[in-house]
Peer 1: 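Mind looking over this structure? Questions follow.
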Protein chains: 2
Amino acid sequence: MANIKTAPEGFGALADPTRRTIFERLAKKPSAVGELARGLPVSRPAVSQHLKVLKEAGLVHETAEGTRHIYRLDPRGIAAMRDWLDAHWTSAMEAFREFADRQQHDEEGRE
Amino acid sequence: MANIKTAPEGFGALADPTRRTIFERLAKKPSAVGELARGLPVSRPAVSQHLKVLKEAGLVHETAEGTRHIYRLDPRGIAAMRDWLDAHWTSAMEAFREFADRQQHDEEGRE
DNA sequence: ACTTAACGTAAGTGATATCTTACGGTAAGT
DNA sequence: ACTTACCGTAAGATATCACTTACGTTAAGT
């Protein structure tokens, strides 16, 4: 099971638009830092800082190839966030359905 | 299908610890604002502001009962975030598995 | 009608986040 | 050995965020 304690960090990590773009870029293809910086409206050091946040959240994994640092998505971090959402989704689903049904029933009774 | 364009807003909404606590509280039981403020280390207006963010992210739904405003989780917003994660999870899973296999193979060859 | 309860919003403040430029370190190429 | 490529970190500036107090509104109770 994925470590659910790291899930909250993930939300903070994906809260920033630039980091989401990086995340989506890595989903398509593992990339180096400079490679990511090209095509982004921020500097290369900024990308490094974003990758650090993503890494500490357990969402990406880093490996070195010479001086190049290759980053790729870590599915375990993503799974942790999914699990966190799922843990609440079920109860929310039931409660909301019950509420929606009652809401509809009340409106029908009023017509 | 849930509107995937609202998903990113959700990450920002759940990035704050206090909002996550509110979120978890609502998962257990729909509640009014003052009711939520009790037991939280922040003021009632702060809770109102947090609920506004959660609402704009599509994560909660508001209904009025007299002067009391009842908030409950909106499963559609949660589903949107889940879908966003799932969209990247699959490709990340495959790429990472391939990477991990190759990594292990390399290490075996070195022994 | 008056009071009370519950809530949202405005304004201001302190903390945090994100960005930049500057710098230092490591590995590869010549 | 020297240069070049690639990267992380430090320091500082600006923008954004979360919080508080003060205020106005609406609905219920007496």
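It should be emphasised that the depicted structure is a prediction, and the values quoted were computed from it without experimental measurement. Just so it is clear: chains get the letters A, B, ... in the order the sequence lines come, proteins before strands, and each one is counted from 1.
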Peer 1: Which nucleotide, dT21(D), dC19(C), dG8(D), lies nearest any side-chain atom of S43(B)?
Peer 2: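 In terms of side-chain proximity for S43(B), the closest of dT21(D), dC19(C), dG8(D) is dT21(D).
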Peer 1: Do H61(A) and Y71(A) have ring centres separated by under 6.0 Å?
Peer 2: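 No: the rings miss the under 6.0 Å criterion.
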Peer 1: Under 4.5 Å between any side-chain heavy atoms of E35(B) and K29(B), yes or no?
Peer 2: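 Contact flag for E35(B)/K29(B) side chains = yes.
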Peer 1: Without decimals, in angstroms, what is the distance between R44(B) CZ and dT9(C) C1'?
Peer 2: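 Distance, rounded to whole Å: 10 Å.
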Peer 1: Figure out the NZ/P separation between K52(B) and dG8(C), and round it to whole Å.
Peer 2: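 For the pair K52(B) NZ and dG8(C) P, the rounded distance is 10 Å.
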Peer 1: Between P41(B) and R68(A), which residue's closest nucleotide on DNA chain D lies nearer the 5′ terminus?
Peer 2: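 It is R68(A), whose closest nucleotide lies nearer the 5' terminus.
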Peer 1: Y71(B) has an atom OH; how far is it from atom C1' of dG8(C), in whole Å?
Peer 2: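 That distance rounds to 8 Å.
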Peer 1: Using a heavy-atom cut-off of 4.0 Å across all strands, would you classify E65(B) as base, sugar-phosphate, or nothing?
Peer 2: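 The residue E65(B) makes no contact with any strand.
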Peer 1: Counting heavy atoms from C-beta on, name the nucleotide in dG8(C), dT20(C), dA11(C) closest to the side chain of E62(B).
Peer 2: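 Given the options dG8(C), dT20(C), dA11(C), the side chain of E62(B) is closest to dG8(C).
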Peer 1: Select from T18(A) and G66(A) the residue whose nearest nucleotide in DNA chain C is closer to the 5' end of that strand.
Peer 2: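 This one resolves to T18(A).
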Peer 1: Kindly say if H69(A) contacts the phosphate of dG8(D), meaning a side-chain N or O under 4.0 Å from OP1 or OP2.
Peer 2: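 Yes, H69(A) has a side-chain N/O under 4.0 Å of OP1/OP2 on dG8(D).
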Peer 1: With the 4.5 Å side-chain cut-off for hydrophobic clustering, are W89(A) and W84(A) part of the same group?
Peer 2: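 They do share one cluster, since a chain of ILVMFWY contacts under 4.5 Å joins W89(A) to W84(A).
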Peer 1: Counting the atoms with a prime plus P, OP1 and OP2 as sugar-phosphate, which does A32(A) contact under 4.0 Å by heavy atoms, base, sugar-phosphate, or nothing?
Peer 2: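 Sugar-phosphate contact only.
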Peer 1: Expressed as a whole number of angstroms, how long is the span from I70(B):CD1 to dA6(C):P?
Peer 2: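 Going from CD1 in I70(B) over to P in dA6(C) covers 11 Å.
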Peer 1: On a heavy-atom basis, which atom in L26(A) and which in S31(A) lie closest, and how many Å separate them?
Peer 2: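 Shortest heavy-atom separation between L26(A) and S31(A) comes out as CD2-N, 3.8 Å.
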Peer 1: To the nearest angstrom, how far is R38(B) atom CZ from dA5(C) atom C1'?
Peer 2: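 My rounded result for the distance is 11 Å.
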Peer 1: For the pair made of CG in D16(A) and P in dA15(D), what is the distance, rounded to whole Å?
Peer 2: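 One finds 17 Å between P of dA15(D) and CG of D16(A), rounded.
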Peer 1: Over how many whole Å does the gap from E56(B) atom CD to dA18(D) atom C1' extend?
Peer 2: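 Interatomic distance, CD of E56(B) to C1' of dA18(D): 15 Å.
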Peer 1: Would you indicate which nucleotide in dC7(D), dT9(C), dT20(C) comes nearest to any side-chain atom of P45(B)?
Peer 2: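 Of dC7(D), dT9(C), dT20(C), dT9(C) is nearest to the side chain of P45(B).
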Peer 1: Specify the separation, in whole Å, of atom CD of Q49(A) and atom P of dT21(C).
Peer 2: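 It is 12 Å, rounded to the nearest whole Å.
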Peer 1: To the side chain of T67(B), which of dT21(D), dA5(C), dT21(C) is closest?
Peer 2: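 For the T67(B) side chain, the nearest candidate turns out to be dA5(C).
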Peer 1: To the nearest 0.5 angstrom, please state how far the CG atom of L51(B) sits from the NZ atom of K55(B).
Peer 2: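 L51(B) atom CG to K55(B) atom NZ measures 9.5 Å (nearest 0.5 Å).
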